[in-house]
Amino acid sequence: MSAVLITGGSEGIGLELAKLYAAAGNELILCARDRIKLHDAKHEVQKLYHVRCETISLDLSERNAAKTLYEQVKDRHIDTLINNAGIGFTGKSWEIPLEAEETMVRLNDEALLGLTKLFLNDFIQRGEGTIVNVASTGAFQPGPYIAGYYASKAFVLNYTKALAEETKDTGVHVCCLCPGPVDTYFYMKSGGKKPRFIMSAEKTARIAYEKIRKGRTVIVPGWINNLVRWLPLSVRIAYVKRSKLKSLKKKTKR
Ligand SMILES: NC(=O)c1ccc[n+]([C@@H]2O[C@H](COP(=O)([O-])OP(=O)(O)OC[C@H]3O[C@@H](n4cnc5c(N)ncnc54)[C@H](OP(=O)(O)O)[C@@H]3O)[C@@H](O)[C@H]2O)c1
């Protein structure tokens with residue numbers, strides 16, 4: 001039986017994707033740090049869908065984490081890798097601690113790069129497999145007051161688009177999921193404020209799942225997110241700058 005490996009599969013978008021793959025009969029391997037959240041996610045999925053679900057507690061921002069994870073699962077028949085684990089920080093770039101953003105880059109980019117390369121090699125040899133790299137609509141533009149995060153996601157988008165070209169006609173599908181704002185704990189953790197237009201993680205995952213199955217390369221869930229993408233770059237930068245600055249001012253007033 002083939003399995004789907006989902007990093008950051010214990011909550012949010014990752015967990016909702018896990019449920020959809022489980023509903024279709026796939027075995028799951030969920031990776032995140034918090035053992036309790038992983039345990040709860042496993043129980044939720046298994047109660048609903050009765051599929052095999054393994055959990056791996058690992059900090060993917062640690063050096064060589066991609067190799068460590070790969071070594072643990074390489075003997076399982078994984079046919080889909082979803083590089084979903086990610087974090088971000090909102091604030092004045094000179095005030096966000098260097099260590100925090102270094103950790104972010106190791107998780108959002110380095111671990112994703114490592115896992116993609118390790119699994120892609122196997123998938124190419126087998127002539128099948130799917131890799132889904134989770135970026136953000138922030139990947140399409142610079143993001144004042146969320147600069148490092150948007151830049152880390154621009155790496156994910158461009159890297160994945162290039163791989164999608166390289167893997168054409170190999171039987172391997174490489175794609176990039178770029179959600180707009182999604183209602184998860186991400187905002188609380190990143191120090192940002194939830195925007196007015198926000199999509200549920202369940203809906204985001206449902207749209208993503210359908211488009212992954214259709215073989216799309218860049219997936220932007222929701223018509224508003226797609227529309228915004230085509231506004232002039234200067235307008236989008238100004239909007240992000242204004243809204244992030246507004247939420248930072250509100251935070252310092254409290
Ligand atoms: N929410 C949004 O508005 C939004 C928009 C666009 C893109 N995205 C992207 O979508 C992805 C999922 O976000 P989400 O909103 O679902 O976030 P979330 O609810 O905060 O979930 C993040 C997941 O990643 C795991 N994780 C975090 N740090 C990790 C680490 N060092 N090692 C291993 N696992 C780690 C978390 O578990 P542990 O903390 O237990 O490790 C959790 O399972 C991220 O890449 C994010 O950048 C989110």
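When reading the values below, keep in mind they use all heavy atoms of this one structure, side chains included, and skip hydrogens, waters and symmetry mates.
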>> Set out, in order, the CA-CA distance, both residues' side-chain angles and the distance that settles side-chain contact (heavy atoms from CB on, under 4.5 Å) for T103 and R106, then state yes or no.
In response: CA-CA 5 Å; T103 300; R106 282 202 299 275; 3.6 Å; yes
Find out whether [X] and [Y] are in side-chain contact, i.e. whether some heavy atom of one side chain is under 4.5 Å from a heavy atom of the other.
X    : Y    : answer
L28  : Y49  : no
T130 : D79  : no
L5   : F119 : yes
F89  : P97  : no
L120 : L163 : yes
C178 : F140 : yes
Y145 : S247 : no
N83  : V156 : no

Just wondering, more than 12 heavy atoms not from [X] lying within 6.0 Å of its [atom1]?
X    : atom1 : value
H77  : NE2   : yes
I36  : CD1   : no
R126 : CZ    : yes

Identify the two heavy atoms, one from [X] and one from [Y], that lie closest to each other, and give their separation to 0.1 Å.
X    : Y    : answer
L17  : A208 : CD2-CB, 4.3 Å
D109 : S152 : OD1-O, 2.7 Å
Y149 : S136 : OH-CB, 3.9 Å
C176 : A135 : SG-CB, 3.6 Å
L58  : R33  : O-CG, 3.5 Å
A41  : L15  : CB-CD1, 3.8 Å

Backbone N or O of [Y] within a donor-acceptor pair of the [X] side chain at under 3.5 Å?
X    : Y    : answer
H173 : R216 : yes
T167 : T170 : no
N84  : G8   : yes
N225 : P179 : no
S57  : D34  : no
T7   : A85  : yes
Q72  : I56  : no
N108 : I87  : yes
E27  : V4   : no
K153 : V134 : yes

At what distance, to the nearest 0.5 angstrom, does [atom1] of [X] lie from [atom2] of [Y]?
X    : Y    : atom1 : atom2 : answer
Y187 : T184 : OH    : OG1   : 7.5 Å
N158 : K161 : CG    : NZ    : 6.0 Å
E210 : I219 : CD    : CD1   : 10.5 Å
T55  : R35  : OG1   : CZ    : 8.0 Å
Q141 : I237 : CD    : CD1   : 6.0 Å
M104 : S190 : CE    : OG    : 11.0 Å

>> Working note: Y21 + I212, criterion side-chain contact (heavy atoms from CB on, under 4.5 Å); need CA distance, chi angles, decisive distance, verdict.
In response: CA-CA 11 Å; Y21 279 95; I212 294 164; 3.8 Å; yes
Give a yes or no on whether a salt bridge exists between [X] and [Y], defined as a side-chain N under 4.0 angstrom from a carboxylate O.
X    : Y    : answer
R63  : E110 : yes
R206 : E202 : yes
K19  : E44  : yes

Starting from [Y], can I reach [X] by hopping between I/L/V/M/F/W/Y residues whose side chains sit under 4.5 Å apart?
X    : Y    : value
L112 : V172 : yes
I124 : L113 : yes
L30  : L107 : no
V218 : I207 : no
V182 : I6   : yes

> According to the interplanar angle, ranging from 0 to 90°, do the rings of Y159 and F155 count as parallel (below 30°), tilted (30 to 60°) or perpendicular (above 60°)?
Replying inline: parallel
> Would you say the side chains of N26 and T80 form a donor-acceptor pair under 3.5 Å?
Replying inline: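 Note: N26 and T80 side chains miss the donor-acceptor criterion.
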> Just checking, is any N or O donor in the side chain of D122 or Y70 under 3.5 Å from an acceptor N or O on the other one?
Replying inline: yes
> Does the side-chain contact (heavy atoms from CB on, under 4.5 Å) test come out yes or no for K194 and D183, once each step is laid out?
Replying inline: CA-CA 8 Å; K194 274 188 198 173; D183 197 357; 2.5 Å; yes
>> Would L115 and L81 count as a side-chain contact (heavy atoms from CB on, under 4.5 Å) here? Give the steps.
In response: CA-CA 8 Å; L115 286 168; L81 162 68; 4.1 Å; yes
